[in-house]
Amino acid sequence: MASCLAVSPLPMERNLLLTTSTRTPDAISSLRMCHSFQEVKQLHAQFVVSGLLGYNPLCARRLLEAYATMSQIYYAVSIFERMPSPDVFVYNTMIRGLTMGKFLHDSLLLYKEFLFGYLVPDNYTYTFVLKACSHLKAPFEGSIHDAERVLGEFSEENTLAKNAMISGYLSEGRVDKARRMFDNMTARDAASWSALIAGYTKNGMHTEALALFPDMMVSQILPNEAALVSLLSSCGQLGTLHQGRWVHGYIDKTRVLMSTKLTTALIDMYAKCGSIECGYGLFQKMAWRDVVTWGVMISAFAIYGHASKCFHLFDEMLADGIRPNEVIFVAILSACSHAGCVEEGRQYFIQMEHGFGIKPSIEHYGCMVDLLGRAGLLADAEELINSMPEQPNSIIWGSLLSACRTHNDLRRGTWAFEKLMELEPTSGDRYKLAGLMFANAGEKEEAAKMRKMIHEKEMETTCGSSFIEVEGAVHEFTAG
DNA sequence: GTAGGGTTAG
């Protein structure tokens, strides 16, 4: 419990220090305005000191809610265990928090404990339990089959529970099953639509996701924030600036609250659609940015090759009191790679592990191999690959092969190519690249062998292309 | 008074 009270200092403007208002309901409701774990902990400490936590039951409930929705399960549990008689709402909040935090077994165990206490589950309880069941692959009391059984016990239409099933199916990639359930529903609400749209987006079916928007409008259900976020993500993936702008206009017109997540989704959409200025404009106007917002902005400038802008943003982020996560470093390292900043890249790589305690993942190694390879430091790239704790994947070998082709390193290039043949024996692109490498180095026979293999095995090769939108129509440009 | 959602190496 003592660790809950370790309050870190916050920037002045975010300081929620409570004075005389501590004994009013305002203090408790300010918990719902908290944007970060730090802020909740700070309020928690003040509630303990002022004694409010001890005598106002609403205070503990709201604190538990705040921790649970932030998936800070250990803190939520510590509050929960001190509650004399938790009711249905409190159990639901805990079950939801456990499910969202992927503590699926614990979620179902708590559900059992709940039933044991002679409490009657409501629609929300079933929703969260079904969600836990559907995410649980192991044969406990609930895989998705058990969730289906639970659902079958309902005699009447239960929109909430069916929405949970739709999400469950989609998280397993079972799009058709989800769609059938959605189509057979008699009472679809905004959450049913947003679950389906989000599922399409997550499964890479962006065109299908965007196609649902007009259907949703026709059915007189207004898109909620979650649906808009998913739609914007799909616009970004497809590069359809026109549709993205339309969604932005819709948000302005209908005065949907511009939350951090929604604004972040807009920034990402603009950046991916080639309009980074619009994205950066929104970013600068934001009152509160979380680590994902910073990640989106840094990744955007990284793709554009503006490494120094990325470095500045990184420092600004730290000054703002945001701790970088592994995604931030992927973005920073890829910025270094695109701009050829070898020394900066090396320093960030070291700082990541020793300054911030983030163990480099395969993505980070991938960025570093790419950075060193592009710069022609192929011996360093080889050394790094050999030092990796896990097996390099085809992205890493492909990156090395590409660098070897540029810098005429036949020995390492052949090494990478052999590994690639093991991992992706049917990728024509790899043979093509190896062929180009041999041709560059004057090894005509080897190059011819590659071309022959591509032809004999009837492998497909792709060529680079990009999409650009002109007056609402999307055009594809191909290289070569 | 409880859903749902945003970032990541070639």
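Owing to the predicted nature of the structure, the values given are computational and were not obtained by experimental measurement. Numbers restart at 1 for each chain; the letters A, B, ... are given by sequence-line order, proteins then strands.
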Return the nearest nucleotide to the side chain of [X]; candidates are [options].
| X | options | answer |
| --- | --- | --- |
| A/C367 | B/dT7, B/dA9, B/dT2 | B/dA9 |
| A/D122 | B/dT2, B/dG6, B/dG10 | B/dT2 |
| A/S167 | B/dG10, B/dT2, B/dG4 | B/dG4 |
| A/S337 | B/dG10, B/dG4, B/dT7 | B/dG10 |

Would you please say whether a donor-acceptor pair under 3.5 Å links the side chains of A/E424 and A/S394?
yes
Are A/Y67 and A/H44 an aromatic pair, judged by ring center distance below 6.0 Å?
yes
Could you tell me whether [X] contacts a base, only the sugar-phosphate backbone, or nothing, with contacts defined as non-hydrogen atoms closer than 4.0 Å?
| X | value |
| --- | --- |
| A/I328 | nothing |
| A/T263 | nothing |
| A/T293 | base |
| A/Y365 | nothing |
| A/R62 | nothing |
| A/V327 | base |
| A/D268 | sugar-phosphate |
| A/D87 | nothing |
| A/S334 | sugar-phosphate |
| A/A198 | sugar-phosphate |
| A/N163 | base |

Just to confirm, is there a sub-4.0 Å distance from OP1 or OP2 of [N] to any side-chain nitrogen or oxygen of [X]?
| X | N | value |
| --- | --- | --- |
| A/K272 | B/dT8 | yes |
| A/T201 | B/dG4 | no |
| A/H338 | B/dG10 | yes |
| A/K261 | B/dT7 | no |
| A/R61 | B/dT2 | no |

So for A/D290 and B/dG6, does any side-chain atom that can act as donor or acceptor lie under 3.5 Å from a complementary atom in the base?
yes
Give a yes or no answer on whether the side chain of A/D320 reaches the backbone of A/I322 with a donor-acceptor pair at less than 3.5 Å.
no
Backbone N/O of A/Y270 and side chain of A/S275: donor-acceptor pair under 3.5 Å
no
Non-hydrogen side-chain atoms of A/F114 and A/V88 separated by less than 4.5 Å:
yes
Is there a side-chain contact between A/F314 and A/F329 (heavy atoms, below 4.5 Å)?
yes
